[in-house]
Amino acid sequence: MLQARRSLRDHDAARPITLGQLAEFLHRCAATADHPTPHGDRPRRAYPGGGGVHELELYVVAHQVAGLEPGTYHYDGYGHRLEPVGRQAGAERTLLEAARSMSDAPVMPQVLVLVTARFERLMWVYEGLAYALILKNLGVLVQTMYLVATAMGLGGCALSAGAPRAFQRITGADPLSEDVVGEFMLGTVAGEHDTEGNA
């Protein structure tokens with residue numbers, strides 16, 4: 001998977017990613033379980049995180065997903081479910097267009113995964129080191145996303161935060177408490193055969 005990994009920006013608009021594929025991707029990347037430690041339970045995910053805190057959260061901007069209404073959803077890693085955040089079509093289009101423009105993709109992504117950080121989870125422990133640690137954790141998560149997408153035969157491409165204020169308009173989140181630190185485009189690869197279930 002490491003050798004095969006590529007940044008793939010061209011999604012097949014005639015063959016949208018399915019809800020099942022998206023669910024598998026999210027589960028493999030960010031499913032969460034309580035992990036008992038000598039200091040109390042801590043979240044456990046497929047990728048390591050500084051202090052075992054796991055301050056990163058995933059939001060899905062679904063543009064073209066078979067079996068899922070367009071909109072913005074928060075991924076609950078404990079319950080493995082998508083929670084509707086609310087529909088703000090204008091702000092969602094801003095996010096998708098920004099991703100398309102930044103990546104120079106020919107079409108808008110089928111799915112845009114927004115990675116946010118809930119800063120207080122780390123700041124109370126790491127204080128001035130928190131933001132640097134968030135970016136390191138983001139790098140680990142992005143590599144995990146790339147490898148999972150590659151294993152599933154999907155196209156993925158990491159991006160910086162293209163339109164973070166649009167996220168605030170959708171969620172109403174306070175940017176001092178939670179903000180976008182990275183993005184990941186996901187969809188079926190143009191010209192490839194159907195890969196659902198092949199992992």
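By convention here, the first residue in the shown sequence is residue 1. Side chains included, hydrogens not; waters and symmetry mates left out as well; all remaining heavy atoms used.
Minimum interatomic distance between Pro109 and Ala99 (heavy atoms only, all atoms of both residues): CG-CB, 4.2 Å. Residue Phe184 comes nearest to Val142 through the heavy atom pair CE1-O, 4.3 Å, listed as atom of the first residue, atom of the second, then distance. Nearest heavy atom pair, residue Leu154 against residue Gln21, reads CD2-NE2, 3.8 Å. Annotation for Val65 and Val111: closest pair CG2-CG2, 3.4 Å, computed over non-hydrogen atoms. Across all non-hydrogen atoms, the minimal contact from Thr94 to Ala163 is CG2-CB, 3.9 Å. Of all heavy-atom pairs spanning Val189 and Gly155, the tightest one is CG2-N, 3.3 Å.
Clustering ILVMFWY residues whenever any of their side-chain heavy atoms sit less than 4.5 angstrom apart, transitively, puts Val113 in a cluster other than the one holding Leu95. Clustering ILVMFWY residues whenever any of their side-chain heavy atoms sit less than 4.5 angstrom apart, transitively, puts Leu22 in a cluster other than the one holding Val107. Linking Ile, Leu, Val, Met, Phe, Trp and Tyr residues whenever their side-chain heavy atoms come within less than 4.5 Å leaves Leu138 and Phe167 in two separate clusters.
Between the OG1 atom in Thr188 and the CG atom in Asp12 there is a gap of 4.5 Å [rounded to 0.5 Å]. Considering CE of Met108 and OG of Ser103, their distance stands at 11.5 Å, rounded to 0.5 Å. Taking CG of Leu114 as the reference point, atom OH of Tyr73 lies at 14.0 Å (rounded to 0.5 Å). Atom CZ of Arg15 sits about 10.5 Å away from atom CD of Gln64, to the nearest 0.5 Å. Atoms CZ and NE2, on Arg100 and His11 in that order, are 13.0 Å from each other to the nearest 0.5 Å. Note that the CG atom of Leu141 and the CG atom of Leu58 stand 6.0 Å from one another [nearest 0.5 Å].
A donor-acceptor pair under 3.5 Å is absent between the side-chain atoms of Thr18 and the main chain of Pro16, judged by distance alone.
Looking at Ile134 and Glu55, their side chains come closer than 4.5 Å, going by heavy atoms from C-beta outward. Taking the side chain as every heavy atom from C-beta outward, His63 and Pro70 never approach each other to under 4.5 Å. Within the 4.5 Å cutoff, the side chain of Arg165 has heavy atoms near those of the Pro175 side chain. Contact check for Met152 versus Val148: side-chain heavy atoms found under the 4.5 Å cut-off. The side-chain heavy atoms of Leu96 and Val61, taken from C-beta on, include a pair separated by under 4.5 Å. Side-chain atoms of Met145 and Val115, non-hydrogen and from C-beta on, do get closer than 4.5 Å to each other. Taking the side chain as every heavy atom from C-beta outward, Leu82 and Leu68 approach each other to under 4.5 Å. By the 4.5 Å heavy-atom criterion applied to side chains, Val181 and Leu56 are counted as neighbours.
A salt bridge is absent between Asp179 and Arg118: the closest approach of a Lys/Arg side-chain nitrogen to an acidic carboxylate oxygen does not fall below 4.0 angstrom.
Checked by atom type, the side-chain pair Tyr59/Glu83 shows no donor-acceptor distance below 3.5 Å. Side-chain atoms of Glu57 and Thr116 include no donor-acceptor pair closer than 3.5 Å. For Thr72 and Gln88, the side-chain atoms include no donor-acceptor pair closer than 3.5 Å.
Checked against side-chain hydrogen bond (donor to acceptor under 3.5 Å, both in side chains), Tyr146 has the following partners two or more places apart in sequence or in another chain: Ser7. Every residue meeting the ring pair (Phe, Tyr, Trp, His ring centres under 6.0 Å) condition with Tyr75, not counting sequence neighbours, appears here in chain and number order: His80. With sequence neighbours excluded, the residues satisfying side chain to side chain contact (heavy atoms under 4.5 Å, CB included) with Met102 are Leu159, Ser160, Glu183.
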